[in-house]
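In the text below, chain A, chain B and the rest are named by the order of the sequence lines, each starting its count at 1. Hydrogens, waters and symmetry mates play no part in the numbers below; they use all other heavy atoms, side chains included.
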Protein chains: 2
Amino acid sequence: MKNKTRVVLNLDAVIVAVTRHHPRILTVSAKQNLPAIPSGPLHREDATLERSLRGWIEEQTGIEVGYVEQLYTFGDIQRGLPGAPNNPRSISVAYLALITEEHPTTSSASWINWYELFPWEDHRNGIPDILTKHLRPALATWAGNNAERNERVITAFGSDNRWDGMRVLERYELLYEAGLVKETSTRDALPESISGVPMAFDHRRIASTALGRMRGKLTYRPVVFELLSDTFTLLTLQRTVEAIAGVPLHKQNFRRLVERTRLVEGTGQRTNSPAGRPAELFRFRSEVLLERPRTGIGVPYR
Amino acid sequence: MKNKTRVVLNLDAVIVAVTRHHPRILTVSAKQNLPAIPSGPLHREDATLERSLRGWIEEQTGIEVGYVEQLYTFGDIQRGLPGAPNNPRSISVAYLALITEEHPTTSSASWINWYELFPWEDHRNGIPDILTKHLRPALATWAGNNAERNERVITAFGSDNRWDGMRVLERYELLYEAGLVKETSTRDALPESISGVPMAFDHRRIASTALGRMRGKLTYRPVVFELLSDTFTLLTLQRTVEAIAGVPLHKQNFRRLVERTRLVEGTGQRTNSPAGRPAELFRFRSEVLLERPRTGIGVPYR
DNA sequence: ACTCCTTATGCTCATAATGAGCACTTTATA
DNA sequence: TATAAAGTGCTCATTATGAGCATAAGGAGT
């Protein structure tokens, strides 16, 4: 073996909760007061990365996370501090962690709405103006008549009737490259109300990876339930899905789907709602873990 | 910062090619002559992990890989050599790399059929006997009347009419845990014709992750084309998909699908087939990169 | 020239899934 | 007793999916 690069390994966690239909992630404050994703070390004693991760999350925040999934490993050189070239290389293994409630925050930690980071991703009330009035024009300017750029813009941002919710990372990276977000700190950067709240380091990239992954997963695995308490109403379920997916859903059809796939079962109980007809409380049928494989390109064998 | 664990980082590559309908991965020979996935270091100079990866792949094998995608980062402690407890921890960032042809192998490298590693994954000629006659019974014995084990077996191995092609890793891990594969080297291990060819370290896990990922990706992104040369017949396309997906496809429906999504376009040319009617040669329409978002759980917005 | 083999294509059909509406019920609170 | 909020039932057009039958087009062999 020749030159082994010296490496420092960190475990980053995008900790997600959905509270009152707002999808939120936990942040701590880093240099220049920018929010950052919490991060911790790999402990020598821990047999697996995930165990270390759970460990420091609980130490630092008191939260015992439920569902955890590895997201991506970031190791680009820009991550290392700009200083001496002999600095060890910084490698981050990023995880997605889901919890069922918004926990009390410690002094240094706070929750931030995912759509404050990515305002253009929230289509629950239709196509956001931010997109049509600001971002797309700005991107068009950036692309000019560079064919490749234009194609990338189209692919990532689609047109109004072709919006792929999963391409969150692609979109953020494009905005980054176009110098439209604060992280690039060019004078082209749009105001935060449009380009979203900047984060420290490349953490907004990590957050966008997480959102994209969640949206993807949603379509073929019942991850929503990791965000809900034991029992919930169907409407809450729907709103939670909408919060992640970023699009409105047709109520009747949603219920039809949920029924058909038999994802949940009713407890007899009902909510005592503040107003309106009380809703029935449901619980997740964990038997469904062997649920329908993804529907997709002509692979039969259901 | 407290105790930073010392870490050695490696980049592993599952290099995939499909030749004459056989999906193959490149292996090198490791200790005890077991096949291993090629692996290389992270070079300090390279700005991204991917660049390092491409670099050593070309150095070691002469192959210039096309499509590359990060798979997973493995860091479980068993990976480290069992020796001194102060050994640095071994971390592997595994990548999936697709190439269009089976390249000439160097002295130490050779290609191995994916289904020699996972014989139970090949359903192209119906449910394999290996599964019904050997694996499922063996798993049933292992599970006994342990409810949790049984549920896991069902989830991973389904029943004959519920087989989720994507759960390759889950299945391998279960077999591993049940001591049925050679890597665990218990006397329970089934013969290689049933349990598949063992690999060094945890490399069969990595390979299974890759297969699962490919099968998943296949259903919503046109990755097949990374495995094909510029022009190809529709039947070749179909056979390639089948090779990865591990299931047979209905020819006419497959063609209908390909047409509808307008993934390919015909060149006027035809093959001079050895027998039978010549097929038209097609090429991939790269314009389709903004192709249909995944179809799935009630997220509209096509 | 004809037959057979092999692969490519065209078309039909039943069933299921999807996206969108309209209308109406149920229950609690003001 | 209205009103708000939430739940339900049902229809309908469109598209997707899984499966089949039938036919066309070359090439090889007789």
Under the rule for salt bridge (Lys or Arg N to Asp or Glu O under 4.0 Å), what residues qualify as partners of [X], not counting sequence neighbours?
X        : result
A:Glu226 : none
B:Asp230 : none
A:Arg283 : A:Glu265
A:Glu259 : none

Hey, can you pull the donor-acceptor pairs under 3.5 Å for the side chains in residues 247-255 of chain A, sequence neighbours left out?
residue	atom	partner	partner atom	Å
A:His250	NE2	A:Gln252	OE1	3.1
A:Asn253	OD1	A:Arg256	NH2	3.3

Round to a whole Å and report the spacing from [atom1] of [X] to [atom2] of [N].
X        : N      : atom1 : atom2 : result
A:Arg270 : C:dT26 : CZ    : C1'   : 9 Å
A:Glu280 : C:dT25 : CD    : C1'   : 16 Å
B:Phe232 : C:dT7  : CZ    : C1'   : 18 Å
B:Phe254 : C:dT9  : CZ    : P     : 13 Å
A:Leu249 : C:dG19 : CG    : C1'   : 11 Å
A:Leu235 : D:dA4  : CG    : C1'   : 14 Å
A:Gln238 : D:dA5  : CD    : C1'   : 14 Å
A:Arg255 : C:dA17 : CZ    : C1'   : 20 Å

For the helix from C:dA1-D:dT30 to C:dA30-D:dT1, what angle separates the axis at the start from the axis at the finish, each from five pairs, in steps of 10°?
10°
Verify whether the ring centers belonging to A:Phe225 and A:Phe232 lie closer than 6.0 Å.
yes
Considering only residues two or more places apart or on different chains, which pairs with a residue in residues 231-241 of chain A satisfy salt bridge (Lys or Arg N to Asp or Glu O under 4.0 Å)?
A:Arg239-A:Glu242
Using atom names, set out every protein N or O paired with an N or O of nucleotides 10-14 of chain D below 3.5 Å, distance rounded to 0.1 Å.
none

Flag for A:Tyr67-A:Glu69: side-chain donor and acceptor within less than 3.5 Å
yes
Among D:dA19, C:dT18, C:dT9, the nucleotide that comes nearest once only the side chain of B:Lys251 is considered:
C:dT9
List in chain and number order the residues that pass side chain to side chain donor-acceptor pair (under 3.5 Å) with A:Glu173, two or more places apart in sequence or in another chain; answer none if no residue qualifies.
A:Arg205
Could you tell me whether the phosphate oxygens of C:dT18, OP1 or OP2, come under 4.0 Å of any side-chain nitrogen or oxygen in A:Arg260?
yes
